[in-house]
Amino acid sequence: MTADRHPWEMPISESELTSATRDLDEAHRETLPLMFARAHDLSEELTETAPRDPATTSARRVFLMGAGGAVVTFALAACGSRARFVSATDTESPSESGSPSESESATASPSASAGAYTGELKGVALSAALENQAVNAYQSALSAANAGKLGTVPPAVSTFMKTAMGQHADHAKAWNSALQNAGKQPITGIPLTSQQSVAAALGKVTSVDEAARLALKLEDQATQTYLAAVSTATDKRGIDMAASIAPVEAMHAAILNFILGENLVPNAFISTDMAAKPSDLTV
Amino acid sequence: MSRDDVDVRLLKELTEQSQDLNSDAVRITREALERFTEEAAATQRRSRWSRTGVVGVLTGAGTLFGAGRAAASSDDVMALQTAASIENLAVSTYQTAAGLPFIQQGNKTVAEFIAKTTEQHREHAKAFNSAVTQAGGKPQNAADPKYDAVVKKAMPGLKTPADVVKLAISLEDVAAETYTKNVGQVSNAQLRRLFGSVAPVEAQHRAVLLTVQSLLADGKADLIASPTQPDKLPATVGSVGIPDTFYPTKNASPVNEGAVK
């Protein structure tokens, strides 16, 4: 039981609560070295098991294989005064759909080349890219908020965005650590087929509500991608890492649901319908 | 069309979307269990052949082929039974809490959350016990013994909603930590998917409860509402519900803690 981590018996002030929260955050950040160590172990395992011939890569070894559902892309659709996201099957590769968007090309890793990530390392790279996408989305929303483009931003929303963004950055760092230790380039950009539509949606956001709904979709996709990963991966350390991140993304979603006034915990089980697939990775 | 009309339409649409998503999730979990059942049955058939000695050599090959794929180990069965025991305890604890006068007559959103969460834990228990049965084990209908004692000790001291929330946070954390660890412990993909689909839900329960706890501590119970008033929420609400960058497992229950004896 961990009840002693959250003392609350006596009402305390907000400043005291903030301080306590900071302590908690610091305490949990103590787990980071452990996770990076796991990332190092993971990279060693992946290097040892990496197929020498990419053409013979077995599906059994593919980490983070999606559930086989439709690739989810995001589009902002008007729905009265509010906005919602709709999913669509995205069968177009960047080359088929034209030139990459400015945001995509600006954030793609310059050192990454086609086919650079194979086997389970492709799943690791996909994870890093998804985390980068989330960081970028929150950063863009915060920039828009600072520029006054979202109207009045409640302090709780601002705090949430900063906290979630920091956690996503740590997740990306962990996955990239595994890639680097395996001799691969880290994913510093967002080489994902969905990024063009996500960037477009971000550009159209004009309210906190819309920004939160976009973030909710990204959090749900991340959670589901990690669930798909633990179902298909074979490396225990990769499974452990994905398993330890999925609940955190789900918690982000719960807070967003609270802020948005949505069903707080809408589902008894997490699905994988929105999970990203290795083929969503463009490097 | 009045604003009320629009809101009702939106509410209906969102409710339908939510129900669709939940149905999808339940369907996927059921499919995982069905796959597990099929493969467990195949393993049992191989095992029966082995016992009869009719096709001993072939059985050896078959068991080897099935190892680590569908066959549930004794640790798998115990982990599922322990998970069911944690869920059983959560259900009974929330049910008791729901009957307390300060919950019944208190914050409506808290009461609704307790009711919904109870139902979700009941579904989890059912799923875990279904997997236990399909793996050839006995379903666990009792509560986790370690935490049952903790709950029994805490019950007389539940005098306020905050007391209930604190106890619930502990139970949800144990569940989330245990299942997060179980994902890497069980022996086949179907069970990893089952534990992996439940752990984030328990973490979400905890996130909500941590937020409720902070609002209660701050004397802002009126903001525990759906929808809430985001502009009035203290800044801490943005972080207090998401304290972990990586979900910890140091308090995870051992796989045999709630196993059927």
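Values in this document were obtained by computation on a predicted structure and should not be read as measured data. Per chain, numbering begins at 1; letters A, B, ... match sequence-line order. Computed from heavy atoms alone, side chains included, the values below leave out hydrogens, waters and symmetry copies.
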- Message: Donor-acceptor check, side chain of B:R192 to backbone of A:A229, threshold 3.5 angstrom: yes or no?
- Response: no

- So do B:D231 and A:T152 actually touch side chain to side chain, heavy atoms under 4.5 Å? no

- Query: Taking the side chain as C-beta and beyond, is there a heavy-atom pair between B:F246 and A:Q167 under 4.5 Å?
  - Reply: no

- Message: Once rounded to the nearest 0.5 Å, what's the spacing between atom CD of A:E262 and atom OG of B:S226?
- Response: 7.5 Å

- Query: Side-chain contact, heavy-atom cut-off 4.5 Å: A:V208 with B:P230?
  - Reply: no

- Message: Taking the side chain as everything from C-beta on, heavy atoms only, tell me whether A:F258 gets closer than 4.5 Å to B:L233.
- Response: yes

- Query: What option among A:A164, A:A253, A:A246, A:P247 has the most heavy-atom pairs under 4.5 Å with chain B?
  - Reply: A:P247

- Query: Is a donor on one side and an acceptor on the other found under 3.5 Å between the side chain of B:Q204 and the backbone of A:A250?
  - Reply: yes

- Item | Closest non-hydrogen atom pair, B:V208 against A:L264 | CG1-CD1, 3.8 Å

- Message: When you compare the side chain of B:Q190 with that of A:S231, does any pair of heavy atoms fall below 4.5 Å?
- Response: no

- Item | Portion of A:H171 that has a non-hydrogen atom of chain B nearer than 4.5 angstrom | both

- Sub-3.5 Å donor-acceptor pair from the side chain of B:Q120 to the main-chain atoms of A:V265, do we have one? yes

- Task: Looking only at non-hydrogen atoms, find the nearest pair between A:L227 and B:G196 and report the distance.
- Result: CD1-C, 3.4 Å

- If every non-hydrogen atom of B:T180 is compared with every non-hydrogen atom of A:S244, which pair is closest and at what distance? CG2-CA, 3.9 Å

- Given that the side chain runs from C-beta out, which part of B:L223 has a heavy atom under 4.5 Å from chain A: side chain, backbone, both or neither? backbone

- Message: Closer than 3.5 angstrom, by distance alone: can the side chain of B:S197 be matched with the main-chain N or O of A:I270 as a donor-acceptor pair?
- Response: no

- So which of A:A156, A:A254, A:P155, A:P154 has the biggest tally of heavy-atom pairs under 4.5 Å with chain B? A:A156

- Any idea which of B:A225, B:P200, B:P227, B:A207 has the most non-hydrogen atom pairs under 4.5 angstrom with chain A? B:P200

- For B:Y94, enumerate each residue passing the ring pair (Phe, Tyr, Trp, His ring centres under 6.0 Å) test, keeping only those at least two apart in sequence or located in another chain. B:H121

- Between the side chain of A:H252 and the main-chain N/O of B:I242, is any donor-acceptor distance below 3.5 Å? no

- Could you give the distance from OG (A:S271) to CZ (B:R193), rounded to the nearest 0.5 Å? 8.5 Å

- Message: Rounded to the nearest 0.5 Å, what separates atom CZ in B:F113 from atom CG in A:N263?
- Response: 10.0 Å

- Message: Looking at every heavy atom in both A:I239 and B:G184, which two are closest together, and how far apart are they?
- Response: CG2-CA, 4.2 Å

- Note on the structure: Heavy atoms of B:E123 and A:F269 approach each other most closely as O-CZ, 3.7 Å

- Message: Any non-hydrogen side-chain atom of A:N267 less than 4.5 Å from a side-chain atom of B:V201?
- Response: no

